[in-house]
Q: 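Dropping a structure here in structure tokens format, bear with me for questions.
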Amino acid sequence: METLLDILSWLLLTIGGIFVFIGGLGALRMPDLYTRMHAASVTDSIAPILIFVGIMLQSGLSLASVKLAAILLFLLLTGPTASNALASAALLSGYKADGPAASEEDAGK
Amino acid sequence: MNFLGIYYYWVFAILLMVGFYAVIAKLNLIKKLIGLSLFQAAVFLLYITVGKVEGGTAPIFASAAGERLFSNPLPQVLILTAIVVGISTTALGLGIIVRIKEEYGTIEEQEIQEIDRQ
Amino acid sequence: MYYAVTIALLVTMALALLRALLGPSVYDRVLAVNMIGTKTVLLLSVLSFLFGRPDFLDLALAYALINFIGVLAVLEFFRVRAEQDKSDANTESR
Amino acid sequence: MTALQAHLPALQVVVPMLSAPLAMLLREHRLSWTLATAASLCAFAIAIALTLAVFDTGGMRYLMGSWPAPFGIELGVDAMSALLLLVVTGASSLALIAGASSLDREIEVERQPLFYAAWLLALAGLCGILVTADAFNIFVFMEISALASYVLIAGGPDRRALLAVFKYLVMGTIGATFYLIGVGLIYLMTGTLNLDDIVYRIDEVAELKPILIAAGFISVGLALKAAIFPLHVWLPNAYTFAPHVVTVFLAACSTKVALYVLLRFNFVVFKPYLEGHDLKFAIFALPLALLAILVGSAVAMFESNLKRMLAWSSVAQIGYITLGAGLVSVAGLTAGLLHIFNHALAKAALFLALACLAVSVSKLRIENIGGIAKRMPWTMAAFVLAGLSLIGVPGTAGFISKWYLITATFDSGSLGVLLVAVIVVSSLMAVVYIWRVVECAYFREAEEVQSAREAPLMLLLPTWAAVLLNFYFGLFPGVPLELSSSAANLLLGQVP
Amino acid sequence: MTIVFGVFLLTLMLVTAIAIVRTQNLFVAVMLSGIFSLLLASNFFLLDAADVALTEAAVGAGISTVLYLSALALSAQHEHAPYSSHRLIALAVVSFTTLAVIYATFDQPRVGDPAAPVHQHVAPWYLEMTRDAIDIPNVVTAVLGSFRGYDTLGEVFVVFTAGIGVLFLLDKPGARHSQTQTVGQVRLRHYLIPRLVGRMLIPFILLFGLYVQFHGEYGPGGGFQAGALVAASIILYALLEGETRALRALPRRLLTLLIASGALLYCGVGVAGILLGGNFLDYSVLADDPVKGQQLGIILIEAGVGITVTGVLLSIFHAFAARGRF
């Protein structure tokens with residue numbers, strides 16, 4: 001049982017790490033803001049779930065697990081919210097995915 | 001390992017340089033303040049680096065920590081105070097900048113001095 | 001295994017930082033800041049287990065909360081600026 | 001009373017500090033003024049009591065929180081801090097009394113409670129630096145006094161005060177951060193922050209390179225705060241655009257307190273352990289002092305804004321103090337420390353006289369005060385008499401310290417003649433710039449001053465008190481002289 | 001291995017710092033300083049400074065970003081001329097300083113060397129005495145609150161000074177004044193989801209702030225961090241619901257009272273030490289048992305710190321907000 005939990009948790013952590021990396025790569029390589037945001041969301045949602053569940057399996061039933069669950073809950077609440085708000089802000093300001101990219105001039109003034 | 005050990009000090013020196021340069025050479029007042037906080041951050045890093053003990057852990061006794069080696073608490077206390085001093089200075093500086101903008105309409109040092117000369 | 005996750009997180013932070021430096025729009029930079037924020041939360045959680053001090057999860061919690069406020073402040077800033085632009089345009093056209 | 005006496009070093013800081021939040025809470029500006037003045041006078045009384053204790057026992061120590069010395073924070077009062085405490089609390093009290101009628105013109109009544117709170121904090125910060133014996137604690141209180149002084153200066157009615165204060169803020173923070181780097185390096189090598197303990201443990205440090213660099217950083221950082229010559233650029237504008245009584249307060253103390261820390265570090269901490277420190281310090285201090293004296297006086301001669309003229313003269317006077325310290329001898333240090341006291345007296349009186357002038361003259365420029373002596377005879381008489389003290393005419397306090405300075409320089413050999421020449425030349429320059437004002441005020445006519453009236457009594461009284469003190473300490477220099485000579489002996493490690 | 005992580009983070013920090021100085025867009029500079037602060041905090045955490053990391057998080061990523069953005073909204077967002085004409089002199093001064101620092105630290109005790117003098121002299125005493133005389137787990141809180149409580153008193157008054165300074169500067173009557181009455185109501189109205197989530201989060205942040213306040217003796221945290229968190233939650237409320245409603249919940253007068261009372265509480269505990277026969281800030285005399293007295297004293301002064309910091313940060317925020325429309 002112990003070993004099974006260990007293997008499972010390592011597996012989750014590794015996959016979580018891979019997802020984080022893929023998300024980061026996507027945020028860098030994707031062509032425009034919305035696709036980048038899409039890639040970044042991977043690191044904000046699936047990766048924390050995997051990583052935190054992985055750690056929770058390690059720590060067992062303890063105060064730490066409760067805290068981990070709380071952090072996970074907050075991340076899952078705030079991450080997508082922030083993405084949504086950012087996307088709508090970009091959209092409202094007239095930033096188009098395929099049109100002429102909103103330049104720093106427009107935004108920075 | 002020795003190189004890595006001294007790397008912290010080098011980063012401190014370079015950060016100090018970058019921040020200090022921004023404070024002296026930049027003309028925009030907000031940029032000067034940002035430079036000032038970089039400059040201070042470099043010093044915070046120095047202190048905290050000094051307080052680290054290899055193989056130590058944060059100086060908070062806990063059952064999980066057991067009888068381990070603890071890092072030096074004193075620099076951390078000093079830097080807590082210094083961070084607070086830093087943010088206070090920044091807040092006051094920003095307050096002054098806002099007033100300058102209201103009185104002069106600009107926050108560029110050169111332009112303000114030109115307005116004053118008239 | 002914590003090490004593997006930590007390295008992945010650090011590399012991702014570097015990638016996000018690169019995105020913040022490249023821009024090109026301010027939204028990209030805000031996105032990058034937000035990303036680095038959540039990566040810091042993850043990093044701190046993983047590190048506190050790596051160090052064997054799970055009581056430091058408080059820090060990660062604080063980061064998760066503060067980070068959100070930062071993003072909302074930025075949004076508010078965008079809104080204020082858009083309104084300023086609008087009122088400037090109005091006064092100019094008048 | 002005896003029970004309370006032991007707590008005097010702590011109370012020196014706590015009384016003004018505790019009054020600050022109260023002054024802010026009082027909504028009525030008269031009430032907060034009364035509270036601030038009472039607290040300041042109380043601090044002055046404590047300073048006198050401490051001075052007496054220093055005369056009795058040679059010094060006082062106080063353990064904050066009762067923790068033993070290198071671990072907790074220790075306070076220590078000796079002759080040098082007592083001298084500076086007298087200056088700081090005295091100047092603050094005089095300026096506050098004068099402020100009752102002067103400040104209403106410059107600061108809206110609603111904002112005054114905040115202003116008085118900031119004033120008390122500046123006072124508490126300066127006292128805190130003077131009584132503490134802990135390197136990091138000095139930093140904390142330096143920042144309190146610095147932030148509070150920024151607020152005070154920004155209270156000036158002219159918008160140029162804002163840029164001046166911003167520059168002061170940037171320079172002051174750089175100075176404080178440099179100081180912090182220096183303290184960090186010392187801590188790295190010794191593991192302690194208590195000044196006495198540093199002195200004790202620096203002895204065991206084999207590698208002196210960091211200590212040397214620390215000495216450099218601390219000296220430069222504090223020189224910035226003390227406005228020693230090439231680093232003085234923030235001072236003239238900050239003094240010029242501050243509210244008048246704030247200038248009185250700050251000109252008399254804030255730079256002097258930074259100098260105090262500078263001297264303390266260089267003589268007590270570094271001098272015994274760094275090879276050739278005397279020479280290095282002299283090379284650092286003397287040329288800068290000479291330049292400061294000459295440049296400061298020269299600029300003052302051609303400056304037509306009265307406040308800025310006196311501010312430049314302050315740059316020159318800081319030069320005198322550095323000159324005395326740069327000689328690295330008991331006589332030189334005594335002269336330098338005595339000049340801190342006497343210059344504070346003279347400058348306080350001069351700036352107070354300017355505050356009186358400002359009641360009737362909107363712009364304090366030399367061309368605007370033609371013939372004002374007829375309208376404001378008391379004010380101008382005070383100005384002239386205080387000017388005599390600044391120049392160093394026998395019978396005034398200014399003369400005593402210059403005399404000691406000249407005797408001290410003569411002892412330093414062939415270089416001495418040059419130094420004496422500089423002092424004499426700059427005194428002549430002081431005659432010139434004071435005379436320009438006098439000539440204009442007594443022998444010229446201008447239309448603008450026709451409606452001028454004598455300043456109110458609440459302003460004249462403190463001004464004349466300051467002027468009379470100049471003469472009192474010119475004739476009976478006993479107390480400051482004794483304090484500064486025992487402080488000099490203390491700094492150079494010679495038991496008097 | 002951790003040192004490699006540290007080196008990596010430090011390199012990222014250097015890159016960020018250079019980018020901050022180089023960019024001419026002030027908004028970008030502020031965003032990058034947010035990143036810088038996060039990296040710095042992670043580094044503090046690697047260096048075992050949990051309390052400092054928490055403070056840096058609250059200050060750097062939270063409060064100072066909000067303050068900078070408020071100031072940007074009220075002033076300009078672009079630099080005009082990049083450098084002053086004295087940039088060569090500046091470069092010379094800066095290089096000289098840097099060389100001096102490098103010279104000083106060149107053959108220093110290696111980072112983390114347990115035999116360095118720093119770790120031999122005062123620090124062990126603190127670790128030992130915290131167990132014996134104060135008996136709380138967090139040594140940093142013990143040193144901050146008791147052994148060097150006088151420094152912390154100074155720190156509180158620095159914050160206090162900054163607070164009255166900003167109030168003094170920005171509450172100038174007659175200048176352009178609040179337009180929040182009309183605009184304040186529509187804050188973030190377009191963003192329905194953030195508003196809902198934000199509203200849900202506010203009580204949790206507040207609760208967490210209180211937890212940090214009262215848990216400071218046991219884990220990382222304390223008055224300053226708690227004050228910053230509580231202030232952050234109310235700033236969040238103001239962002240979501242508008243200035244006016246935030247001010248209705250906590251009016252200016254009350255904030256002023258908070259600022260003063262926290263500082264007075266701290267000072268008062270110190271004076272109580274004198275009145276009860278100890279020295280200033282001596283908490284042992286506060287209760288019959290010296291250890292209990294120390295704990296009581298630390299709780300009280302931490303409360304004082306928290307109250308003042310909350311009041312000051314909120315006052316500063318409102319002072320900026322009342323100037324313009326941010």
Side-chain angles (χ1 to χ4, degrees), chain A residues 6 9-11 13-14 16-29 32-33 36-37 40 43-44 47-48 51-52 54-55 58-59 62-65 67-68 70-75 77-79 81-83 85-90 92-93 95 101-104 106-109, chain C residues 1-19 22-32 34-35 37-39 41-42 44-46 48-49 53-58 60-65 67-72 74-75 77-79 81-82 84-85 88:
Chain A
D6 267 357
S9 109
W10 293 144
L11 207 65
L13 281 174
T14 319
I18 291 170
F19 268 117
V20 165
F21 179 69
I22 291 174
L25 209 59
L28 185 65
R29 299 277 302 155
D32 66 85
L33 175 71
R36 277 177 215 138
M37 209 173 267
T43 68
D44 284 353
I51 292 176
F52 278 130
I55 304 176
Q58 286 284 310
S59 69
S62 63
L63 182 64
S65 283
K67 279 186 191 167
L68 279 173
I71 300 173
L72 184 59
L73 187 67
F74 281 128
L75 277 184
L77 268 178
T78 58
T81 313
S83 302
L86 192 59
S88 67
L92 280 176
S93 78
Y95 184 104
S103 67
E104 211 83 272
D106 162 57
K109 206 171 88 99
Chain C
M1 197 49 66
Y2 288 135
Y3 283 112
V5 181
T6 314
I7 291 169
L9 286 170
L10 286 174
V11 171
T12 308
M13 278 167 102
L15 295 176
L17 178 62
L18 214 55
R19 180 39 72 202
L22 290 176
S25 76
V26 280
Y27 303 106
D28 287 290
R29 302 187 200 259
V30 178
L31 176 70
N34 190 29
M35 249 181 101
T38 48
K39 296 302 92 59
V41 174
L42 290 178
L44 291 190
S45 322
V46 175
S48 44
F49 278 88
R53 302 293 304 264
D55 39 339
F56 290 166
L57 282 173
D58 293 358
L61 196 53
Y63 272 74
L65 296 174
N67 201 26
F68 183 61
I69 296 176
V71 173
L72 284 194
V74 171
L75 286 178
F77 176 75
F78 284 155
R79 193 191 61 73
R81 211 199 41 219
Q84 273 175 356
D85 288 354
D88 287 353

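Chain letters run A, B, ... following the sequence lines, proteins first, then strands; residues in each count from 1.
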Q: For chain A, find which of C:V71, C:T38, C:N34 contributes the most heavy-atom pairs closer than 4.5 angstrom.
A: C:T38

Q: At a heavy-atom separation under 4.5 Å, does C:D28 approach chain A through its side chain, its backbone, both, or neither?
A: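 The answer is both parts of C:D28.
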
Q: Which pair of non-hydrogen atoms, one from C:Y27 and one from A:L86, has the smallest distance, and what is that distance?
A: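 Heavy atoms of C:Y27 and A:L86 come nearest at O-CD2, 3.9 Å.
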
Q: With a 4.5 angstrom heavy-atom cut-off, is it the side chain or the backbone of A:I22 that approaches chain C, or both, or neither?
A: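 Neither part; nothing is under 4.5 Å.
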
Q: Find out whether A:D44 and C:K39 are in side-chain contact, i.e. whether some heavy atom of one side chain is under 4.5 Å from a heavy atom of the other.
A: yes

Q: Just how far is it from atom CG of A:L72 to atom OG of A:S65, taken to the nearest 0.5 Å?
A: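 The CG atom of A:L72 sits 11.5 Å away from the OG atom of A:S65.
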
Q: Would you call the rings of C:Y2 and A:W10 parallel, tilted or perpendicular if under 30° counts as parallel and over 60° as perpendicular?
A: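 Ring orientation, 0 to 90° scale: perpendicular.
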
Q: What part of A:F21 gets closer than 4.5 Å to chain C, counting heavy atoms only: side chain, backbone, both or neither?
A: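 When you check distances to chain C, atoms from both the backbone and side chain of A:F21 fall under 4.5 Å.
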
Q: Taking C-beta and beyond as the side chain, do A:L13 and C:V46 meet within less than 4.5 Å on heavy atoms?
A: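 No, their side chains stay 4.5 Å or more apart.
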
Q: Is it the side chain or the backbone of A:I51 that comes within 4.5 Å of chain C heavy atoms, both, or neither?
A: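 The side chain, not the backbone.
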
Q: Which region of A:F52, side chain (C-beta onward) or backbone (N, CA, C, O), has a non-hydrogen atom less than 4.5 Å from a non-hydrogen atom of chain C, or is it both or neither?
A: side chain

Q: To the nearest 0.5 angstrom, please state how far the OG atom of C:S48 sits from the NZ atom of A:K67.
A: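 Answer rounded to 0.5 Å: 9.0 Å.
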
Q: Which bit of A:I71 comes within less than 4.5 Å of chain C, counting heavy atoms only: side chain, backbone, both or neither?
A: both

Q: Where on C:L65 is there a heavy atom nearer than 4.5 Å to chain A: the side chain, the backbone, both, or neither?
A: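 Just its side chain gets close to chain A.
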
